[in-house]
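Hydrogens, waters and symmetry mates are skipped; everything else that's a heavy atom, side chains included, is used. Numbered from 1 within each chain, the chains take letters A, B, ... in sequence-line order.
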Amino acid sequence: MSLVEELGARVRGTAEELPVGSVVVAAERLRVGLELLQWVRRESVHEVGVVHLANAIEQLEAVALAVRTAQDGLADYLRAIGMAYDAAPTPDRSWRESLAPPAQPVSKSETEVDATPLGRWWSARVDELTGEPGGGTAPGRGEPGHGEPGHDGPGGAARGRGELGGAGHGEADRRGAVTDPAELLRRVAGPVRSADRHGLRGELRRVEAPVGLGLAAITPPVARHLVTDLLGHEPGAADLPELTKRCAPQVRNMLPGVPEHVLPALLARVCRAQPPQPARRSEQPKPAPGRGSGGAGGTGAAGGSAGRSGGEPEPTHPTDPAVTGAVLVGVLLQKLGRDPDTLRGAEHVDG
Amino acid sequence: LASVAELKAAIDAAIQQVSEGQTALRAASEKLTEAQQSLAAALEGSGHEAVSAAHAGLSQAATDLEECLNATLAAVEQAQSYAATL
């Protein structure tokens, strides 16, 4: 290997190791946190860190842009020294990092979530999204029912019946529940493949709310990876119509209760395109969208406006992008004829 | 309106997500530092415009990353302060 070849290999290795994936992972986690805090602020009318977190996500967009600038610079340099082959872009591997557990487990003592109230909130929203009325039992799941469609706040249905703090009526059966969003994503793919809405509801309601909400952080990079394989190229804004045409019917079939704007916003993020203009409060009878995502920086991380002006779009219910993203991934896996286990780890993946 | 328990639970869940994000941010910061050092050693003496652009991009990314992390810390502090008053 010549000195130039050795230099080229080193530069390319450095470019490949730039933390694009970590930035995407961080952006998705922060965005889920932002959506939750936006909900808290809407309920409490207190500043709870929303502005700071929205700023953080915008900063992360800038980070992504700067890293890509650096990668472009290194690619240009490789071409300039005659290493055009080494300058070829590397595949987007951020989806693998998104499925990996945190590098350093978060201290439980500091972040242990009391999931009980959120559990009812999560379950009630899952019922609404899947169009499965509370009080029934998912076939084969042995699940007590829960919830009353129409509530959009944490514990809405349960609270209405004085169940807060109780253990029985509003609680989903957590037996066999997974604790890892990545595993939940794989499990959800099964009922999506067989168009089993009852099964989908059962898988989703069984988990603790933080696990389910974690889907929102991991699904966009995975969906982008799958869409890339489906289309044969990295998706962009021009691919949105076709992608919508191919995926939306199945997603809506599984989630008849999902607000209209949620899937377009999600697909826009997957394509790293500007999200469609969300509905305003006066246009939408129920709380919904307004996720604000898909910034030009490419992480799709930027949250919506942190302001609360009269024309502000309704905040997205944090459950909606989580569940919709998981169903979208299931639909994409089905279209590609892939087993959910292909998402299990790098050693199983073809990407 | 939501109950106090629900608000606290939502804040806890948000902080958990942000904490995981912070972990990823710190990992990204470490990788950026390593990349800067590696490139500085490999490309020392190069006056190529593309190399300068790469250095500038990495430097900007490191600065933005630090500001991002600080913003998340401020967000968590504010959220925790509010939760403590509930």
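Across A:Gly73 and B:Ala50, no two heavy atoms sit closer than the pair O-CB, 3.2 Å. Annotation for B:Ala28 and A:Pro19: closest pair O-CG, 3.5 Å, computed over non-hydrogen atoms. The heavy-atom pair separating A:Trp39 from B:Glu6 by the smallest distance is CZ3-O, 4.3 Å. Considering all non-hydrogen atoms of both residues, B:Gly21 and A:Leu30 come closest at CA-CD2, 4.2 Å. Contact between B:Ala61 and A:Val67 at its shortest, heavy atoms only, is CB-CG2, 3.8 Å. The shortest non-hydrogen separation linking B:Ala53 to A:Thr69 is O-CG2, 4.3 Å.
Side-chain contact check for B:Gln78 versus A:Glu47: some heavy-atom pair is nearer than 4.5 Å. Side chains of B:Val51 and A:Asp76 form no contact here, defined as non-hydrogen atoms less than 4.5 Å apart. With contacts defined as side-chain heavy-atom distances shorter than 4.5 Å, the pair B:Leu58/A:Leu18 qualifies.
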When you look at A:Val48 and B:Leu7, which way does the side chain to side chain contact (heavy atoms under 4.5 Å, CB included) test go after all the steps? CA-CA 11 Å; A:Val48 287; B:Leu7 291 177; over 6 Å; no

Go through the steps for A:Val63 and B:Leu25 under the test side chain to side chain contact (heavy atoms under 4.5 Å, CB included), then give the verdict. CA-CA 10 Å; A:Val63 171; B:Leu25 289 175; over 6 Å; no

Does A:Leu36 form a side chain to side chain contact (heavy atoms under 4.5 Å, CB included) with B:Ile15? I'd like the steps, not just the answer. CA-CA 9 Å; A:Leu36 281 163; B:Ile15 290 175; over 6 Å; no

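Here the straight-line distance linking atom OG1 of B:Thr72 with atom CZ of A:Arg29 works out to 14.0 Å at 0.5 Å rounding. Interatomic distance, B:Leu65 CG to A:Leu60 CG, rounded to the nearest 0.5 Å: 7.0 Å. Note that CG of A:Leu37 is 10.5 Å distant from CD of B:Gln17, once rounded to the nearest 0.5 Å. Separating the NZ atom in B:Lys31 from the OG1 atom in A:Thr14 is a distance of 13.0 Å, to the nearest 0.5 Å. Summarising the geometry, atom CG belonging to B:Asn70 is positioned 11.0 Å from atom NE2 belonging to A:His52; distances are rounded to the nearest 0.5 Å.
Applying the side chain to side chain contact (heavy atoms under 4.5 Å, CB included) rule to A:Gln59 yields the partners B:Asp64, B:Glu67, B:Cys68; only residues at least two apart in sequence or on another chain are considered. In this structure, B:Lys8 has no salt bridge (charged side-chain N to carboxylate O under 4.0 Å, His left out) partners at least two apart in sequence or on a different chain.
Using a 4.5 Å cut-off between heavy atoms, B:Ser81 does not touch chain A at all.
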